[in-house]
Amino acid sequence: MSKATAMKNSGAKESKAGDSPSRLIDARIKELNDWRGEALARVRVVIKQADPKVIEAWKWRGVPVWEHDGIICTGETYKNAVKLTFARGAALQDTAGLFNSSLEGNVRRAIDIHEGDKIDEKALKALIRAAVALNMATRGAKKKPKSA
């Protein structure tokens, strides 16, 4: 596969060594230059508001990832949707019914945002906080020493 093909398939521009994940996400938003960039930028703000300690990462050849004691969610962009995939979404209570994609799996759940969709920011913040709490609880359980 050529370098150009690899870049096209990843959906990302080649980055210079040392680019931070936050800068790469900034570049992705700017590169999209349409409703998808606006949607990705908006959910990014909501994620940071919900969890000020969130860490941004850039994985799998160009996927924005938000983490706190594990992956909270990813922000993939497609031609017709921005997809927020929650790594452990199946274990979360989604009382607002935000999850509308990847519903058949045992682990992940996703929210597909389409052009013109309004984001329920309050419900999204609650879902993000629940994902962080689940990550922290799971990580804490793994750290506990086994009793003799």
Which residues pass the salt bridge (charged side-chain N to carboxylate O under 4.0 Å, His left out) test with [X], not counting sequence neighbours?
X: Lys122; result: none
X: Arg42; result: Glu121
X: Asp120; result: none

Positive for side chain to side chain contact (heavy atoms under 4.5 Å, CB included) with Phe99, one of Ile111, Leu84, Thr85: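 Of Ile111, Leu84, Thr85, side chain to side chain contact (heavy atoms under 4.5 Å, CB included) with Phe99 is met by Ile111 alone.
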Criterion side chain to side chain contact (heavy atoms under 4.5 Å, CB included) against Ile72, the qualifying member of Asn135, Leu127, Val65, Ile55: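 The single option meeting the side chain to side chain contact (heavy atoms under 4.5 Å, CB included) with Ile72 is Asn135.
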For Lys79, all residues meeting side-chain contact (heavy atoms from CB on, under 4.5 Å), sequence neighbours excluded: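 Applying side-chain contact (heavy atoms from CB on, under 4.5 Å) to Lys79 gives none.
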Residues, nucleotides or ligands: over 12 heavy atoms within 6.0 Å of Arg44 CZ: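 Correct, the count exceeds 12.
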Which atom of Leu134 lies closest to which atom of Ala91, heavy atoms considered: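 Minimum heavy-atom contact is CD2-CB, 3.7 Å.
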Exercise: identify the closest heavy-atom pair between Val107 and Ala87: CG1-O, 3.1 Å
Interatomic distance, His68 atom NE2 to Ile128 atom CD1 [nearest 0.5 angstrom]: 13.0 Å
Between CG on residue Asn33 and CD on residue Glu38, distance to nearest 0.5 Å: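 If we round to the nearest 0.5 Å, Asn33:CG and Glu38:CD are 9.0 Å apart.
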Sub-4.5 Å side-chain heavy-atom contact between Trp60 and Thr74: yes
Side chain to side chain donor-acceptor pair (under 3.5 Å) against Asp34, all qualifying residues, sequence neighbours excluded: Arg36
side-chain hydrogen bond (donor to acceptor under 3.5 Å, both in side chains) contacts touching residues 94-103 (sequence neighbours left out):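 Sorted result for residues 94-103: Lys83-Ser101, Ser101-Asp112.
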